[in-house]
Each structure stands twice: as structure tokens, then as C-alpha cells.
Amino acid sequence: MSTTNEDEAAYLKQWDACASYDSTGKAQTWLRNRSKAVWVLPGITWNQALHHTPSSDPDLELQVDTFHAVVSQKTKLGNTIYLSPGTAVRIASPPENVEWKLNLPLTITWEGQGAILGKFKELGREAAIASTSPKHSAHRAVMECTASILDFAEESSSLNTEDGAEVVLAGISAVNTAHDCQGESRKATVTLPDGQVDTVHGRVMTQLRQSDRLMGKVTSNVKPFQGSLQGALIKLLNIVR
């Protein structure tokens with residue numbers, strides 16, 4: 001593997017890659033993202049994906065499903081493959097044609113969604129299950145708020161320098177995007193361990209700013225990928241058969 005910036009060479013260690021060839025000589029490439037960022041594979045579509053593996057971490061696997069459901073509704077990426085943290089893909093393409101590029105808006109959105117799901121988890125098992133259950137109003141709120149964060153991040157001109165946690169909070173609070181996080185979270189409900197029912201807005205979205213642990217994690221996970229890394233491009237080279 002190689003990168004377009006020598007300062008980014010350390011990030012190569014956060015990836016696993018290998019190539020295989022069938023009896024006719026056709027190549028396949030396998031990649032696993034062990035970084036905390038979301039990367040896009042320019043020019044490689046999901047039609048070329050032979051197998052996509054979610055994270056082995058059960059919590060991340062549930063987040064991957066929700067994250068992909070949101071991103072699949074966006075039009076800017078089209079059918080381009082992207083890999084969130086912990087996921088892997090095997091594609092029908094020779095390694096010399098494969099490269100992957102950091103996507104900072106998606107990375108911040110991933111971390112923001114992780115903070116939201118983390119807050120649900122703090123509210124107990126029933127709330128955590130509701131946040132990832134497609135038929136539950138809490139899950140619809142998670143989807144809407146994740147999409148709102150992504151909209152805000154994609155339109156921001158200061159992602160390189162702004163605290164990732166502040167971008168997430170601004171995205172959740174935004175009222176001028178195509179996604180109504182505020183309205184959906186006010187309609188959605190969550191059941192607390194003592195049996196009381198409250199709104200997702202009151203118990204999750206408005207409480208995130210007070211959560212130093214969750215929002216501090218967003219900041220620390222995003223910061224290494226800001227600055228010059230925003231244009232990081234990694235490419236496979238010199239695969240020995």
C-alpha cells in the first residue's frame with residue numbers, strides 16, 4: 001500500500017489488504033478498515049462487491065446497518081463503495097485499480113451517530129434495542145438525526161478545523177436541512193428502566209451536549225483525520241502473486 005502524503009504513512013497500518021486470483025487469472029481484492037474513519041473507494045461500485053463484512057463488534061454491527069441505511073438514501077455517493085470502521089469488503093477488481101480516500105463528513109456523521117446510540121445505551125437495554133429497531137419511532141429519530149448531521153457536515157466549510165463534537169451538535173440542532181431531527185425526535189419515545197416514557201428529544205438529543213464522555217470521544221476520534229488528512233488517498237501497489 002502507498003499514500004499520497006508521507007505524513008500519512010502511519011495510517012497504512014490501520015488497513016488490511018490482500019489479493020487473490022482464480023484459475024483464469026481474474027483478480028479479487030479484499031480490504032478491511034481498522035481505522036476510526038469512513039473511507040470511500042473512488043470508481044468502485046457496490047455492483048463489484050462480492051462480499052461485505054460488518055464489524056465483528058456486535059454494537060458496531062448494529063451501527064453499520066443504521067449508518068448504511070442513512071447513507072444509501074444520499075445521492076452524492078451514488079453507488080460508490082465506502083467502508084465504515086471495522087468493516088471489510090471483497091471486490092471483483094485487481095489491486096492496482098483499488099484506492100480509497102478519507103471522507104470527513106461521513107466520518108463525523110459516523111461518530112455522531114455512535115454518540116446518539118451510545119446515549120440510548122445509557123438509558124437501558126429497552127432504549128438501546130429501540131434505537132436500532134426499524135419499526136420503532138426511536139429508530140426513525142436516529143435515522144433522521146444522522147441524516148441531518150450528514151447534511152450539515154457536507155455543507156460546512158470548516159470541517160478541517162472545527163471540533164467534531166460541535167459539528168455533530170450543530171447538525172442535530174439544524175432546522176434548515178432536508179431532515180427534521182428536532183421534529184422527529186420530539187415525536188419519538190423511549191422507555192426508561194423505571195418504566196417511564198419520555199421523548200427521544202428530551203432524553204437523548206438535548207442531553208448529548210452534557211455528556212463529556214460521548215462527545216469527548218467524537219472529538220478525539222475525528223481530530224486525527226482533520227487537517228492534511230482530509231485529502232488522504234491510499235492505493236494498493238506492487239501486490240506479489
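Values in this document were obtained by computation on a predicted structure and should not be read as measured data. Positions are given from 1 along the sequence.
In this structure, Ser148 contributes its side chain and Gly171 its backbone to a donor-acceptor pair below 3.5 Å. Between the side chain of Ser158 and the backbone N or O of Thr161 there is no donor-acceptor pair closer than 3.5 Å. Panel note: side chain Ser173, backbone Ala170; no donor-acceptor pair is recorded below 3.5 Å. Remark: the backbone N or O of Gly202 is not paired with any side-chain donor or acceptor of Asp198 at under 3.5 angstrom. Within the 3.5 Å criterion, the main-chain N or O of Thr80 finds no donor-acceptor partner in the side chain of Thr45.
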Item to check | Steps toward side chain to side chain contact (heavy atoms under 4.5 Å, CB included) verdict (Ile172, Ile149) | outcome: CA-CA 6 Å; Ile172 289 173; Ile149 294 170; 3.9 Å; yes

Item to check | Chi angles and distances behind the side chain to side chain contact (heavy atoms under 4.5 Å, CB included) call for Ile116, Val204 | outcome: CA-CA 7 Å; Ile116 292 171; Val204 178; 4.2 Å; yes

Checklist entry - What do the steps show when you test Met215 against Leu208 for side chain to side chain contact (heavy atoms under 4.5 Å, CB included), and what is the final call? => result CA-CA 7 Å; Met215 301 317 294; Leu208 279 176; 4.2 Å; yes

Item to check | Step-by-step side chain to side chain contact (heavy atoms under 4.5 Å, CB included) determination, Asn79 to Asn47 | outcome: CA-CA 8 Å; Asn79 201 30; Asn47 295 333; 3.3 Å; yes

Checklist entry - So Asn221 and Glu111, side-chain hydrogen bond (donor to acceptor under 3.5 Å, both in side chains) or not? Walk me through it. => result CA-CA 8 Å; Asn221 285 352; Glu111 290 297 332; 3.2 Å; yes

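Under the ring-ring contact (aromatic ring centres under 6.0 Å, His included) criterion, the residue pairs touching residues 110-131 are Phe67-Trp110, with sequence neighbours excluded. Contacts classified as disulfide (SG to SG under 2.5 Å) and involving residues 115-146 (residues at least two apart or in different chains) are given here: Cys145-Cys181.
Here the straight-line distance linking atom CD of Glu154 with atom CG of Leu106 works out to 6.5 Å at 0.5 Å rounding. In this structure, OG1 on Thr191 lies 13.0 Å from CZ on Arg125, to the nearest 0.5 angstrom. For the atom pair Gln226 CD and Leu102 CG, the distance stands at 10.0 Å (nearest 0.5 Å). Asp16 contributes atom CG, which lies 5.0 Å from atom CH2 of Trp30 (distance to the nearest 0.5 angstrom). For the atom pair Leu41 CG and Thr29 OG1, the distance stands at 9.5 Å (nearest 0.5 Å). Expressed to the nearest 0.5 Å, how far CD of Glu99 lies from OG of Ser93 amounts to 10.5 Å.
For the pair Thr146 and Thr109, the minimum side-chain heavy-atom distance is below 4.5 Å. Contact annotation: the side chain of Leu31 approaches that of Trp15 to within less than 4.5 Å [non-hydrogen atoms, C-beta and beyond]. Looking at heavy atoms from C-beta onward, Leu104 lies in side-chain contact with Ile108 at the 4.5 angstrom threshold. Side chains of Pro42 and Ile44 form no contact here, defined as non-hydrogen atoms less than 4.5 Å apart.
Salt bridge annotation for Lys187-Glu144: absent, with no cationic side-chain nitrogen under 4.0 angstrom from a carboxylate oxygen.
The environment of Arg209 atom CZ is sparse: at most 12 non-hydrogen atoms of other residues, nucleotides or ligands sit within 6.0 angstrom.
Take Thr199 and apply the side chain to side chain contact (heavy atoms under 4.5 Å, CB included) test, not counting sequence neighbours, and it matches His201. With sequence neighbours excluded, the residues that form a side-chain hydrogen bond (donor to acceptor under 3.5 Å, both in side chains) with Thr53 are His51. Under the side chain to side chain contact (heavy atoms under 4.5 Å, CB included) criterion, Gln28 pairs with Ser20, Leu50, Arg90, sequence neighbours left out. Arg213 is linked by a side-chain hydrogen bond (donor to acceptor under 3.5 Å, both in side chains) to Glu122, counting only residues two or more places apart in sequence or in another chain. By the side chain to side chain contact (heavy atoms under 4.5 Å, CB included) test, Thr66 is found to be paired with Gln113, Thr132, His139, Val142, Met143, residues two or more places apart in sequence or in another chain being considered. Qualifying side-chain hydrogen bond (donor to acceptor under 3.5 Å, both in side chains) partners for Ser133, counting only residues two or more places apart in sequence or in other chains: none. For Gln207, the side chain to side chain contact (heavy atoms under 4.5 Å, CB included) test picks out Lys119, Gln210, with sequence neighbours left out. Contacts of Glu126 classified as salt bridge (Lys or Arg N to Asp or Glu O under 4.0 Å), with partners at least two apart in sequence or in another chain: none. Remark: Gln63 pairs with no residue by the side-chain hydrogen bond (donor to acceptor under 3.5 Å, both in side chains) rule, at least two apart or across chains.
In terms of heavy atoms, Gly124 sits closest to Pro193 at CA-CG, 4.3 Å. Across Ala27 and Pro94, no two heavy atoms sit closer than the pair CB-CA, 3.6 Å. The minimum heavy-atom distance linking Gly112 with Val168 is given by the pair CA-CG2, 3.6 Å. Between Tyr21 and Gly25, the shortest heavy-atom distance links the atoms CD2-O, 3.6 Å. Shown here for Ala128 and Ser131, the closest heavy-atom pair between the two residues is O-OG, 2.6 Å. Shortest non-hydrogen contact noted between Gln196 and Asp194 is N-OD1, 3.0 Å.
Under the 4.5 Å side-chain heavy-atom criterion for ILVMFWY residues, a single connected hydrophobic cluster contains both Val64 and Leu77. Cluster membership check: Val71 shares its hydrophobic cluster with Trp46, using side-chain heavy-atom separations under 4.5 Å among Ile, Leu, Val, Met, Phe, Trp and Tyr.
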For residues 82-89, which side-chain N or O atoms pair as donor and acceptor with protein atoms under 3.5 Å away, sequence neighbours left out?
residue	atom	partner	partner atom	Å
Tyr82	OH	His68	ND1	3.3
Thr87	OG1	Ser84	N	3.2
Thr87	OG1	Ser84	O	2.7

